[in-house]
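First up is the structure itself, then whatever we jot down about it.
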Amino acid sequence: QVQLVESGGGLVQAGGSLRLSCAASGYTFSSAHMGWFRQTPGEEREFVAVISRAGGDTFYAESAKGRFTISRDNGKNTVYLDMNSLRPEDTAVYYCAASFSASLLWRMGARTVFPYWGQGTQVTVSS
């Protein structure tokens with residue numbers, strides 16, 4: 001079965017950087033679009049960034065543009081999220097997700113087309 005395991009979260013000061021990783025197993029990694037989402041207590045899970053199967057197309061939430069970079073290594077079955085210039089408002093649990101959807105909704109980070117999720121990794125940015 002599909003398994004996604006995130007790592008790399010932690011505590012960082014504002015302005016710092018973190019790299020999140022998501023190791024995938026149980027399916028052909030290159031057959032799925034991958035995404036990063038985040039959630040804070042009491043809020044809905046929100047889209048951060050997505051990447052196409054081969055890695056050629058990436059899309060970002062406005063809050064992530066210019067600061068975050070999503071990438072993937074299909075040889076290592078891993079997707080990454082490099083986060084720079086972190087702000088306290090980036091504090092959240094970050095989740096990776098996989099989509100096998102044939103529609104283009106994955107480009108907008110529509111959660112409805114991402115049925116597979118990891119357990120999340122906490123990112124805390126102190127001011």
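FYI, side chains are in, hydrogens and waters are out, and symmetry mates aren't considered; it's all heavy atoms of this structure.
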List the residues meeting side chain to side chain donor-acceptor pair (under 3.5 Å) with [X], not counting sequence neighbours, and say none if there are none.
{"X": "Ser17", "result": "Asn84"}
{"X": "Trp36", "result": "none"}
{"X": "Asp57", "result": "none"}

Rounded to the nearest 0.5 Å, what's the gap from [atom1] on [X] to [atom2] on [Y]? Could you check?
{"X": "Phe68", "Y": "Leu18", "atom1": "CZ", "atom2": "CG", "result": "9.0 Å"}
{"X": "Cys22", "Y": "Tyr95", "atom1": "SG", "atom2": "OH", "result": "13.0 Å"}
{"X": "His33", "Y": "Leu105", "atom1": "NE2", "atom2": "CG", "result": "10.5 Å"}
{"X": "Thr78", "Y": "Arg72", "atom1": "OG1", "atom2": "CZ", "result": "10.0 Å"}
{"X": "Glu46", "Y": "Thr40", "atom1": "CD", "atom2": "OG1", "result": "7.0 Å"}
{"X": "Thr58", "Y": "Lys65", "atom1": "OG1", "atom2": "NZ", "result": "10.0 Å"}

Please table the atom pairs, donor to acceptor, closer than 3.5 Å between any side-chain atom in residues 107-118 and protein atoms at least two apart or in another chain.
from	atom 1	to	atom 2	distance (Å)
Arg111	NE	Arg45	O	3.3
Arg111	NH2	Glu44	OE1	2.9
Trp117	NE1	Phe114	O	2.6

Check: residues 1-10 side-chain donor-acceptor pairs under 3.5 Å, at least two apart:
from	atom 1	to	atom 2	distance (Å)
Glu6	OE1	Gln119	N	3.0
Glu6	OE1	Gly120	N	2.9
Glu6	OE2	Cys96	N	2.8
Glu6	OE2	Gly120	N	3.3

Same cluster (ILVMFWY, side-chain, under 4.5 Å), [X] and [Y]:
{"X": "Tyr60", "Y": "Met34", "value": "yes"}
{"X": "Val123", "Y": "Val79", "value": "yes"}
{"X": "Phe37", "Y": "Leu81", "value": "no"}

_Full working for side-chain hydrogen bond (donor to acceptor under 3.5 Å, both in side chains) between Ser99 and Ser101_ = CA-CA 5 Å; Ser99 172; Ser101 175; 4.6 Å; no
*Thr91 vs Gln122, side-chain contact (heavy atoms from CB on, under 4.5 Å): CA-CA, chis, key distance, verdict*: CA-CA 8 Å; Thr91 295; Gln122 175 71 46; 4.0 Å; yes
*Mind checking whether Phe100 and Tyr27 have parallel, tilted or perpendicular rings, split at 30° and 60°?*
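Perpendicular.
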*Are the side chain of Arg53 and the backbone of Ser30 linked by a donor-acceptor contact shorter than 3.5 Å?*
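A pair under 3.5 Å: no.
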_Minimal non-hydrogen separation, Ser63 against Arg87, with atom names_ =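 For Ser63 versus Arg87, the nearest heavy atoms are O-NH1, 4.4 Å.
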_Please find the pair of heavy atoms, one from Gly35 and one from Ile70, that lie closest to each other, and give the distance._
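That closest heavy-atom pairing would be CA-CD1, 4.4 Å.
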*Verdict with reasoning, Asp90 to Met83, per side-chain contact (heavy atoms from CB on, under 4.5 Å)*: CA-CA 9 Å; Asp90 294 318; Met83 305 186 293; 6.0 Å; no
*side chain to side chain contact (heavy atoms under 4.5 Å, CB included) against Asn77, all qualifying residues, sequence neighbours excluded*: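 So Asn77 forms a side chain to side chain contact (heavy atoms under 4.5 Å, CB included) with Phe29.
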